Asker: 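Dropping the structure in here first, questions after.
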Amino acid sequence: MERIVVTGGAVLEGEVEVPGAKNSVLKLMAASLLAEGRTVLRDVPGIVDVRIMAELLRRLGCVVEHDAAARTCAIDVPAEVGHRADYELVRAMRASISVLGPLTARVGRADVAVPGGDAIGSRGLDLHVEGLRAMGADVHVDHGYLVTEAPAGGLRGAEVALAFPSVGATENLLMAAVLARGRTVLSGVAREPEIDDLVDLLLAMGARISGRGGSELVVDGVDALSPAEHAVVPDRVVAGTWAYAAAITGGRVHVRGARPEHLVMALDKLREAGAEVEPTGTGILVQGPDRPRPVDVATLPYPGFPTDLQPFALALAAVADGSCVVTENLFEARFRFAHELERLGADLVVDGHHVLVRGRPGLSAAPVEASDIRAGAALVVAALRAEGTTAVHGVGHVDRGYEDVVAALRGLGADVRREVVEPAEALLPVD
Ligand code: EPU
């Protein structure tokens, strides 16, 4: 078992680099399935989820070369692609579901295990299913697998209005529509920068899509697409992680590669809390306050406050000079993190999808456990403000979305290490 051990008290100073976005690259890799030949992605992050998606593509018949040092991923897609995404991969990573649209469109069939992935709430697939059905697919569940079958002659264009701007459903339906016969109008779609990134790759592959960046996408299906080369958009959640880490520790960090236009709400909240945030042309410079002011935060689909940064807002609130309310509107189970934060001494009350936080000058060390990617990273960041030495368990979650959080934090002056311990030893206090 591995854990990250953090000795609190560091004020983060220096520079960190933001790689390409996890939540974009995984969908871009899935999109490569739409065209026979070699698609090349650049600025690919060296994270576990990319390795899982690479394995999924290999099992579908692709040859995948992921060069972590060069940050590239080359995917050779054969003429005949498989159609099954196994349970073990989908269980490890819910984003495996994003092969559903491309496989249904290109192969005419997909068998994708019903996902588990991280433990942040029951995340439905009804919008994915309704959209594919509207395009003529037969969709049913068989032995824990979601099975789609396109009609003879392939998917056909349709008008699909999403009842909620689901990121995953928008991506799957877009990837299905680019090879469907005729015009598809997708309305009420998600507007995250990662959707724009997917649209950009699909356009480079020869797709016909208009409405990029808006809440309605119009897609005119084409007979075939060609492979393309594409650089992944920088990861706004990783950038936000470092910005909040600077603010929480009262430090000064240049977040190189961060795109401030993708983080408007998250950076506004940091400024409200007393941080100075300056775009630098190559990223953002964040100077944290001595003690943050309390700020209410409510998560919403983009361009609202991102749910993926909610744990960091909560960690900031935990050391603020006053009380505030943090509201989670997207994933109900994300407050499992709040209870771990309580173990570090945070004063909070969870009530449904709200948390009332009474800030304290500092936190205190305790053993804590990550329940998902962002919770894990936020516990590491919160531990920087905790007196004593904190062991964060469940670091496998962190590796799914962050390249080498320990090296990055050490580069910023933090006292952090990663260690392998025997399972029984993991229960004992840190030396
Ligand atoms: N939902 C439905 N039915 C659907 C689709 C979604 O009810 O058919 C509900 C879900 O249950 C959930 C909400 O809608 O409550 C949001 O789901 P959405 O489809 O928008 O999110 P996602 O595609 O499952 C992606 C990111 C998440 C991020 C959310 C919201 C990836 C791989 N994951 O998930 O990222 O939190 O969008 O922005 O892109 C993370 O990176 O740690 C992470 C969890």
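Order of listing sets the numbers, starting from 1, for every ligand and every atom in it. Predicted model, so just to flag it, every value in this text is computed and none were measured.
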Asker: Under 6.0 Å from the CZ atom of R183, do we count more than 12 heavy atoms belonging to anything else shown?
Answerer: no
Asker: Under 4.0 Å from a heavy atom of K22: which atoms of ligand 1 are those, numbered in the order shown and with their elements?
Answerer: 40 (C), 41 (O)
Asker: Under the 6.0 Å and 45° cation-pi test, does R374 pair with F312?
Answerer: no
Asker: Can you tell which of Q310, H354, R334 makes a side chain to side chain donor-acceptor pair (under 3.5 Å) with E328?
Answerer: Q310
Asker: For R236, what residues pass the salt bridge (Lys or Arg N to Asp or Glu O under 4.0 Å) criterion, not counting sequence neighbours?
Answerer: E194
Asker: Might you confirm whether atom NE2 of H143 has over 12 heavy atoms from other residues, nucleotides or ligands at distances under 6.0 Å?
Answerer: no
Asker: I want to confirm something. Looking only at heavy atoms, which of H128, R374, R94, E171 is nearest to atom 42 (O) of ligand 1?
Answerer: R374
Asker: May I ask you to test the R259-P193 pair for a side-chain heavy-atom distance under 4.5 Å?
Answerer: no
Asker: In ligand 1, which numbered atoms sit nearer than 4.0 Å to a non-hydrogen atom of G168?
Answerer: 19 (O), 23 (O)
Asker: If you count every heavy atom of other residues, nucleotides or ligands that lies below 6.0 Å from D351 atom CG, does the total exceed 12?
Answerer: no
Asker: Looking at ligand 1, would R334 count as a contact under a 4.0 Å heavy-atom criterion?
Answerer: yes
Asker: Evaluating non-hydrogen atoms only, which member of D49, L330, L127 is closest to atom 15 (O) of ligand 1?
Answerer: L330
Asker: Going by distance only, is there an N or O of I373 that falls short of 3.5 Å from an N or O of ligand 1?
Answerer: no
Asker: State the atoms of ligand 1, each with its element, that fall below the 4.0 Å cut-off from a heavy-atom position in F164.
Answerer: 13 (C), 14 (O), 16 (C)
Asker: Within the structure, does T307 bring an N/O atom to less than 3.5 angstrom of an N/O atom in ligand 1?
Answerer: no
Asker: Minimum distance, heavy atoms only, to atom 1 (N) of ligand 1: which one of G124, A95, P301 is it?
Answerer: G124
